[in-house]
Amino acid sequence: MDTEYFKTAKKVVGVKQTARALEKGGVKKVFVAADADKRVVQPIADACAKVGVPVESVESMQELGRLCGIQVGAATVAVLF
C-alpha cells in the first residue's frame with residue numbers, strides 16, 4: 001500500500017470520526033483494520049454498504065495507524081473527497 005497516499009490524502013482517523021464523515025457524505029473510501037473488534041467496525045462497514053462507499057481491509061490497527069503517520073493504531077480511516 002502506498003504510504004504517501006495515506007499521508008497526503010484528506011482523511012479522518014477513528015471510528016467516531018469515520019461514522020460522522022459517512023453521515024455527512026463526501027467519503028471516497030474507508031479502510032478497516034482486520035484485527036479491530038468486529039463489534040466496533042461492523043456498524044461502519046454496514047454504513048458504507050448502505051451509501052455505496054468501498055471498504056478495504058488493512059492487516060492490523062498498528063499498520064493502519066502507521067500508514068496514516070500516527071503513533072497509535074487505528075480501527076478505521078475514511079478518505080474524503
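A quick note: this is a predicted structure, and the numbers were derived from the prediction, not measured.
Under the 4.5 Å side-chain heavy-atom criterion for ILVMFWY residues, a single connected hydrophobic cluster contains both Val58 and Val13. Both Val30 and Val12 sit in one connected hydrophobic cluster of ILVMFWY residues. Membership requires side-chain heavy atoms under 4.5 Å apart, directly or through other members.
Contacts of Lys29 classified as salt bridge (charged side-chain N to carboxylate O under 4.0 Å, His left out), with partners at least two apart in sequence or in another chain: Glu56. Not counting sequence neighbours, Glu59 has no partner by the side chain to side chain contact (heavy atoms under 4.5 Å, CB included) test. In terms of the side chain to side chain donor-acceptor pair (under 3.5 Å) criterion, residue partners of Asp37 (sequence neighbours excluded) are, by chain and number, Arg39.
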Could you tabulate the donor-acceptor pairs under 3.5 Å formed by side-chain atoms of residues 64-81, not counting sequence neighbours?
unit_1: Arg66; atom_1: NE; unit_2: Glu63; atom_2: OE1; d: 3.3
unit_1: Arg66; atom_1: NH2; unit_2: Glu63; atom_2: OE1; d: 3.2
unit_1: Arg66; atom_1: NH2; unit_2: Glu63; atom_2: OE2; d: 2.8
unit_1: Thr76; atom_1: OG1; unit_2: Gly14; atom_2: O; d: 3.0
unit_1: Thr76; atom_1: OG1; unit_2: Val15; atom_2: N; d: 3.3
unit_1: Thr76; atom_1: OG1; unit_2: Thr18; atom_2: OG1; d: 3.0

Just list the side-chain donor-acceptor pairs under 3.5 Å for residues 43-54, sequence neighbours left out, or say none.
unit_1: Asp46; atom_1: OD1; unit_2: Gln42; atom_2: NE2; d: 2.8

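Listed by first and then second residue, the salt bridge (Lys or Arg N to Asp or Glu O under 4.0 Å) pairs involving residues 67-81 amount to none (not counting sequence neighbours).
In the hydrophobic clustering, where aliphatic and aromatic side chains (Ile, Leu, Val, Met, Phe, Trp, Tyr) are joined below 4.5 Å either directly or transitively, Met61 stands alone.
A 6.0 Å sphere centred on NZ of Lys10 holds no more than 12 heavy atoms belonging to other residues, nucleotides or ligands.
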